[in-house]
Number of protein chains: 2
Amino acid sequence: MENAQETKPRRGRPPKAPDDAAARQKLIRTGLAHLTERGYSSAGVNEIILEAGVPKGCFYHYFRSKEDFGAALIDAYQSYFSAKLDRCFQDETLSPLDRLRRFVDEASAGMAKHDFKRGCLAGNLGQETGALPAPFRERLQSTFKDWQDRTAACLAQAQSLGEIGPKHAPQELAAFFWIGWEGAVLRAKLDRSPAPLETFAKGFFTLLESEAENQ
Amino acid sequence: MENAQETKPRRGRPPKAPDDAAARQKLIRTGLAHLTERGYSSAGVNEIILEAGVPKGCFYHYFRSKEDFGAALIDAYQSYFSAKLDRCFQDETLSPLDRLRRFVDEASAGMAKHDFKRGCLAGNLGQETGALPAPFRERLQSTFKDWQDRTAACLAQAQSLGEIGPKHAPQELAAFFWIGWEGAVLRAKLDRSPAPLETFAKGFFTLLESEAENQ
DNA sequence: TTATTTCTAGACCTTACAGTCTATTTAAAT
DNA sequence: ATTTAAATAGACTGTAAGGTCTAGAAATAA
């Protein structure tokens, strides 16, 4: 009666909400650092727990397996990144196109902060598809779809404001953007340089400009 | 005297030229299949020699280590691919821009032949940088530089023939192309679909067209 | 033939890895 | 207090991986 939820209170120590579990969070953070740098296959559970300062039993208390952990990392990255996109794409102080530019700048700064040694988790794992647990594929695809949709919405606004022309569908442009952007992140990592990000962004915005001029 | 090369003939069984060594070639071919599909880290020497039907001692006769093998694969892929580019970019029956289109079509057909399960070796390993033997990085970078240079030469021709405008430098465009193309290959592998290749190619050629119109 | 070297062959070794097991400690309900 | 379950702790296990070793077959100069 006094309990808001209908579940009667069980005896024993109640489980922490996953978000509060410090050890779990530490594992996720450390795991993201490792996987964005090394990918899934060559990332070791032992290394990760060592760096996180969490014992093994604890890892397998929160995650059934490395695969389960990997899936959790994809989800964590996906929501972290969606939030980042929203922050940029819903910034009312900027024009829609400038919001996209803001994302590009922030992402670039983010890579710089780690000396261009860390890439995009979705890109890394996407490339590893052939070596990954099968369920990862769908998760990664829907991740890209999500980012693409948010980007398309931003581009649609730009289009309705006349910042870009009506020549191409926003969805098509957004698809183009994410295809190329992931390639740019890949090269930035390989070259340890922001140049590929800039090169791609410059080309992409040139494409958009031409769209505006040719309408 | 009768020997063309100055090296005096040694006793014992003479080493086969690497190109003739059937076992070595089989290993390279099988290795390329595995690494384009799974990358370096998760590809197993044992699996490869098993599929190649070559005993282990034989592998370590031709290659000092997995790393050495990987380096040989990069070189093999690099020269195989450069030849492919030359075949396209020096096709006199086509206009320069159509040569690039030919490359896109051939590469797309190549991926389709393997059900989009195999990607680009350089792209795969580039993404794995953080987990790779350090010397691989430079090798991969020079691989991309080589492809980019060949592509820039083709675009320069297109520019001198007026197929594209003088707005951007061919090197810049070629850099943009390879950044995005590798991203497209990544996504094509993840999606098991030619769509990303087409989407990127379409956008890229649109960009070039606008270059022509705006000159 | 014989000496010498390459190439083939695969059993074996070592290490690193994901995953298990058994305690112990901590926190809440009774 | 006592009971119950969560969370921490880390030694241990089994296997798969890269790499070594030794032996023999094949090839050619002497």
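Chain identifiers are assigned alphabetically (A, B, ...) following the order of the sequence lines, protein sequences preceding nucleic acid strands; residue numbering begins at 1 within each chain.
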**Q** When the distance from CD of A/Gln25 to P of D/dA7 is rounded to whole Å, what number comes out?
**A**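 A/Gln25 atom CD is separated from D/dA7 atom P by 13 Å.
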**Q** Give the ring-plane orientation class for B/Phe177 versus B/Trp181, where under 30° counts as parallel, over 60° as perpendicular and anything between as tilted.
**A** parallel
**Q** Tell me: OH of A/Tyr40 to C1' of C/dC17, nearest whole Å?
**A** 12 Å
**Q** Whole angstrom is fine here: how far is it from CG in B/Asp68 over to P in D/dG18?
**A** 14 Å
**Q** Distance check, rounded to the nearest 0.5 Å: A/Glu47 atom CD versus A/Thr30 atom OG1?
**A**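 Answer rounded to 0.5 Å: 11.5 Å.
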**Q** For a quick test of reading the model, state the closest non-hydrogen atom pair linking B/Ser41 to B/Lys66 and the distance between them.
**A**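 What the structure gives for the nearest pair is O-NZ, 3.5 Å.
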**Q** Hey, which sits more toward the 5' end of DNA chain C by its nearest nucleotide, A/Ala43 or A/Gly57?
**A** A/Ala43
**Q** Tell me: CD1 of B/Ile49 to P of C/dT8, nearest whole Å?
**A**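 Between P of C/dT8 and CD1 of B/Ile49: 13 Å.
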**Q** A/Leu132 CG to C/dA18 P: how many Å, rounded?
**A** 14 Å
**Q** If you only use heavy atoms from C-beta on, which nucleotide in C/dA18, D/dG18, D/dT8 is closest to the side chain of A/Pro55?
**A**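 Output: D/dT8.
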**Q** For A/Phe103 and A/Phe81, take the angle between the two ring planes, folded into 0 to 90°, and tell me which bin it lands in: parallel under 30, tilted 30 to 60, perpendicular over 60.
**A** perpendicular
**Q** Hey, can you tell me if A/Phe200 and B/Phe176 have their rings parallel, tilted or perpendicular (30° and 60° cut-offs)?
**A** parallel
**Q** Can you tell me which nucleotide in C/dT8, D/dG19, C/dG19 comes closest to the side chain of B/Ser65?
**A** D/dG19
**Q** Take atom CZ of B/Phe59 and atom P of D/dT20, then tell me their distance rounded to the nearest Å.
**A** 11 Å
**Q** Is there a side-chain polar atom (N or O) of A/Lys66 under 4.0 Å from OP1 or OP2 of C/dA18?
**A**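 Yes, A/Lys66 has a side-chain N/O under 4.0 Å of OP1/OP2 on C/dA18.
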**Q** Give a yes/no on whether any side-chain N or O of B/Tyr62 is located under 4.0 angstrom from OP1 or OP2 of C/dT8.
**A**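 Yes, because at least one side-chain N or O of B/Tyr62 sits under 4.0 Å from OP1 or OP2 of C/dT8.
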**Q** Taking CZ from A/Phe69 and P from C/dG19, how many angstroms apart are they, rounded to a whole number?
**A** 12 Å
**Q** Measure the distance from NZ on B/Lys56 to C1' on D/dG18 and round it to the nearest whole Å.
**A**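 Between C1' of D/dG18 and NZ of B/Lys56: 6 Å.
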**Q** Starting at the 5' end of DNA chain D, which residue's closest nucleotide do you reach first, B/Asn46 or A/Gly53?
**A** A/Gly53
**Q** What's the closest nucleotide to the side chain of B/Tyr60 if the choices are C/dT8, D/dG19, D/dT8?
**A**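 Output: D/dG19.
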